[in-house]
Amino acid sequence: MNLFTEFKGRIADAVAALQAEGALPEGLDLSKIATEPPRDPSHGEIATNAAMVLSKAAGMKPRDIATLLAARLMTLSDVEAAEVAGPGFINLRLAPAFWHDRLRDILRAGTDYGSSTMGGGKPVNVEYVSANPTGPMHVGHGRGAVVGDVLASLLAKAGYAVSREYYVNDAGAQVDVLARSLHLRYREALGEGVGEIPEGLYPGEYLIPVGRALAAEFGDRYAKAVEAEWLETFRLKAVDAMLALIRDDLAALGVRHDVFSSERELVRAGGVQTAFETLSANGLIYEGVLEPPKGMLPDDWEPRPQTLFRATEFGDDVDRPLKKSDGSWTYFASDIAYHYDKYRRGATSMIDVLGADHGGYVKRMVAAVTAITGGKATLDIRLCQMVNLMRDGEPVKMSKRSGNFVTLREVIDDVGRDVVRFIMLTRKNDAHLDFDLKKVTEQSKDNPVFYVQYAHARAHSVLRHAAESLAGIDIGANALAKADLSALTDEAEIALIKQLAAWPRVVEGAAEAHEPHRIAYFLGEVAAAFHSLWNKGRDASELRFLLADRPDVSIARVALVRGMALVVASGLMVLGVTPVEEM
RNA sequence: GUCCCCGUAGCUCAGCAGGAUAGAGCACCGGAUUCCUAAUCCGGGGGUCGUGGGUUCGAAUCCCGCCGGGGACACCA
């Protein structure tokens, strides 16, 4: 339970009680009341703006309302003090026993702590990666993969019914190019000298083994054949092989999807036609000629009639073409169909995680989803900025032309999957990210992955020692939840519990805002608090976790250490990072 | 030319549905190691939140203009 939400309810109750007494007028809007941690910890643990937001409607001064409310809140059992401050804030201080109980909550819930019912089982569809099946994944894809995967886990933890989806663009011109590239490798495998791979085809070596496999399967049957005879076959083979490659990369990263949707199958099943007719039936399709974009006229611009979707009616800048001049569908058309398909499969809330180069695509897609679902579904597009791969401060050279770039797989093999996943979330998704292959494996506090992992490992080190020094005493989480925790009185100890107790609120906030990076930041803060507490025990030996002559104090502190480890583990599990117990 | 993102300490960035004296790390300076992992911690200096208006009890946060950086801009996906 998010304790801030809980206290919001208690404040609402207090307002109702005051209304019943006639001290406050009826009919107040309580929805703007917020409960949050005060910025300055010396102000207490929970602050509310209730008096200020009710002031106008109640026709009373904020501080007068605050005084009334504070007196009422003071009577609650967990509240040690309710103070009116500043323009009309009410600051609540909670009793130590309240925080001890929160630690018990953590110990009882284990790594499930932080799970929320906020989502109420509402379906959310998260689409991520969706890299074109034309080669192995690069590091930029990896960022989208991690952001999407963790966002999905986060939403699941917040109580949504999450579907994780990959859209396979296996129908476009790029796939034809891939098939031609493969045909070349196939001929090469048959012993033909093909020389340099021509401009415009995929030069990557990853097609070589696929070419060999086809040579083994078909012999020279397609070597001299005209394209029409082999294109379809090679397209299928190529896509299958590339998709296998990508799935392999995803598995190495620990990223999984529930559904792989094929564009090709969608088109073949008439999905695009269906979507088109739906829009058409609502009068949202017309034949027209677009104005050239101002300020940058393409060389080959010519006015031409196109089949257009009225995107401008839904907030886009211009109407968008759905058909090419040869009558075939545009990519946008099939993407509308795809999102419509997701909607018809039950998704009323959709999230797409895309690369930042798709920025220009956001408005039209959001417009299309609004249009085709009649406003019954929402689409949120999260754009991931570029990843700058570095090594010890120097940019890693990458040449896309030669196909000689650093693949995601190479990076995973180099620094490990946990490191890749964590680092990808050390910036918000729309900010550039420097990924330094050397720094991320350093064992120092400058490395956020290590810093958090180390806190968890240190905690388990204490638990291992405790198992010996408290031999015969059950220090499992369930036993500790029942232990006497009254020895936890130090300010830093209580402060750590407060931070741990914020976890459910962090989960809800991050899930609602679709911002998985907040989890990584939260874990960094918990780790910092723990390292700090640890070092307090160096300066003052009576603050060490394990005291030889005070088993009662030791047990209470072991409970805190275990609670911390559980919250960190809970967070790392959302990130898909293994919590290590020893380093 | 239009649209989107960004502009917070010397550097890299947080800032949670506008809230009380704007935070962290790095770097810099000064400290802590007979002791649960010093792989860490503690203290110090450092800011007109790009800029000019507006909205209100209150703005880094919302709205508008400008400046600076990045990205995207018809039948490519």
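Each chain gets a letter, A, B and so on, in the order its sequence line appears, and its residues count up from 1. Since the structure is predicted, the reported quantities are computational estimates derived from the model, not experimental observations.
For the C1' atoms, the distance from B:C62 to B:U55 is 8 Å, rounded to whole Å. A distance of about 14 Å separates the C1' atoms of B:C11 and B:G47, rounded to the whole Å. The P atoms of B:G50 and B:C6 are separated by 12 Å, rounded to the nearest whole Å. Rounded to whole Å, the separation between the C1' atoms of B:C49 and B:C57 comes to 22 Å. Taking the C1' atoms as reference points, B:G69 lies 38 Å from B:G30, given to the whole Å. Across the P atoms, B:A72 and B:A20 are found 38 Å apart, a figure rounded to whole Å.
Stacking between A:Phe89 and B:G19 is absent: the ring centroid is not both under 5.5 Å from the six-membered base ring centre and under 30° in plane angle. Between the side-chain ring of A:His358 and the base of B:A72, no stacking contact exists by the 5.5 Å and 30° definition.
Using a 4.0 Å heavy-atom criterion, one finds that A:Glu468 contacts no nucleic acid atom at all. Residue A:Tyr451 is classed as a sugar-phosphate contact, given heavy-atom separations below 4.0 Å to backbone atoms only. Among the heavy atoms of the strands, none lies under 4.0 Å from A:Met386.
The phosphate of B:U40 (OP1 or OP2) has no side-chain N or O of A:Ser444 nearer than 4.0 angstrom.
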Please tabulate, one pair per line, all N/O donor-acceptor pairs under 3.5 Å involving side-chain atoms of residues 55-66 of chain A, not counting sequence neighbours.
unit_1, atom_1, unit_2, atom_2, d
A:Ser55, OG, A:Met60, O, 2.9
A:Arg63, NH1, A:Gly86, O, 2.6

